[in-house]
Amino acid sequence: MQLTAKITRLNDDADSKIKAYATVNFDSDFRLTGVRVIAGQKGLFASMPGYSYTDDAGKTCYADYFYPCSKDAYQQLNSAIIAAYEHELAQTQAQPAYNDVEVIDDFEQSM
């Protein structure tokens with residue numbers, strides 16, 4: 001199965017455990033959106049989109065809408081998302097900030 005992961009948004013909040021949001025395409029046939037890249041105690045991992053519900057005892061529970069059924073599938077999915085995140089982060093850091101770019105005012109030069 002061909003996985004294509006793309007980071008759709010980086011999180012600028014340095015204090016947040018959520019570092020980015022991603023979308024994954026599976027063989028160009030299915031698309032998974034709302035995947036979160038999380039900084040956990042053991043490193044980065046992909047968190048699947050999910051929902052919360054209250055069980056019969058009144059306890060709040062959480063469940064994923066989508067999840068891999070095998071360890072190999074999980075590792076493949078997680079690796080693709082983390083690689084996309086690291087690539088996007090490197091691309092973003094390689095671009096100069098607006099304040100670092102020399103702005104030439106054409107109007108003043110033409111006078």
Side-chain angles (χ1 to χ4, degrees):
M1 177 176 292
Q2 179 68 33
L3 299 179
T4 307
K6 179 177 171 50
I7 300 301
T8 55
R9 183 168 54 116
L10 290 171
N11 189 357
D12 295 334
D13 183 1
D15 295 331
S16 177
K17 290 184 178 186
I18 299 174
K19 299 302 177 187
Y21 294 88
T23 295
V24 182
N25 289 335
F26 298 86
D27 289 334
S28 299
D29 293 326
F30 296 97
R31 177 174 289 163
L32 172 64
T33 61
V35 179
R36 297 174 306 278
V37 176
I38 306 288
Q41 293 177 350
K42 297 180 182 179
L44 295 172
F45 68 94
S47 174
M48 297 300 114
Y51 61 97
S52 63
Y53 63 94
T54 305
D55 67 6
D56 294 337
K59 180 182 174 186
T60 300
C61 300
Y62 299 92
D64 292 339
Y65 285 116
F66 178 91
Y67 51 89
C69 294
S70 70
K71 186 175 182 177
D72 288 341
Y74 171 79
Q75 289 173 341
Q76 184 181 8
L77 180 60
N78 195 62
S79 295
I81 294 166
I82 299 307
Y85 170 71
E86 290 171 347
H87 180 264
E88 184 70 21
L89 199 57
Q91 292 294 324
T92 302
Q93 291 173 347
Q95 294 176 359
Y98 179 73
N99 294 338
D100 295 341
V101 176
E102 182 179 338
V103 178
I104 299 172
D105 191 346
D106 291 334
F107 180 73
E108 287 182 10
Q109 289 181 356
S110 64
M111 297 187 108

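Numbers for residues simply follow the sequence, beginning at 1.
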Can you list, pair by pair, the side-chain donor-acceptor contacts under 3.5 Å of residues 55-62, counting residues two or more places apart and other chains?
unit_1: D55; atom_1: OD1; unit_2: A57; atom_2: N; d: 3.1
unit_1: D55; atom_1: OD1; unit_2: G58; atom_2: N; d: 3.1
unit_1: D55; atom_1: OD1; unit_2: K59; atom_2: N; d: 2.8

What's the spacing between [X] [atom1] and [Y] [atom2] if we round to 0.5 Å?
X	Y	atom1	atom2	answer
T33	Y21	OG1	OH	12.0 Å
I7	R9	CD1	CZ	11.5 Å
I81	R36	CD1	CZ	11.0 Å
N11	K17	CG	NZ	13.5 Å

### Task
Would you name the heavy atoms of P68 and L77 that are closest together and state the gap between them?
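Heavy atoms of P68 and L77 come nearest at CG-CD2, 3.9 Å.
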### Query
What heavy-atom pair brings A5 and A80 nearest, and what distance separates the two atoms?
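Taking every non-hydrogen atom into account, CB-O, 3.5 Å.
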Side chain to side chain, [X] and [Y], heavy atoms closer than 4.5 Å:
X	Y	value
R31	T23	yes
V37	I18	no
L10	E88	yes
V35	M48	yes
Q76	D72	no

#### Entry: Backbone of A39 reached by a side-chain donor or acceptor of K42 within 3.5 Å
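Answer holds: no.
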### Task
Say whether, by atom type as modelled, one donor and one acceptor occur between the side chain of D27 and the main chain of Q2 under 3.5 angstrom.
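It does hold such a pair.
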### Query
Centroid-to-centroid, F45 to Y85, below 6.0 Å?
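Between F45 and Y85, the centre distance exceeds or equals 6.0 Å.
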Going only through I, L, V, M, F, W and Y residues with side-chain contacts under 4.5 Å, is there a path from [X] to [Y]?
X	Y	value
F66	M1	yes
V24	Y74	no
Y65	Y67	no
L44	L3	yes
L32	I38	no

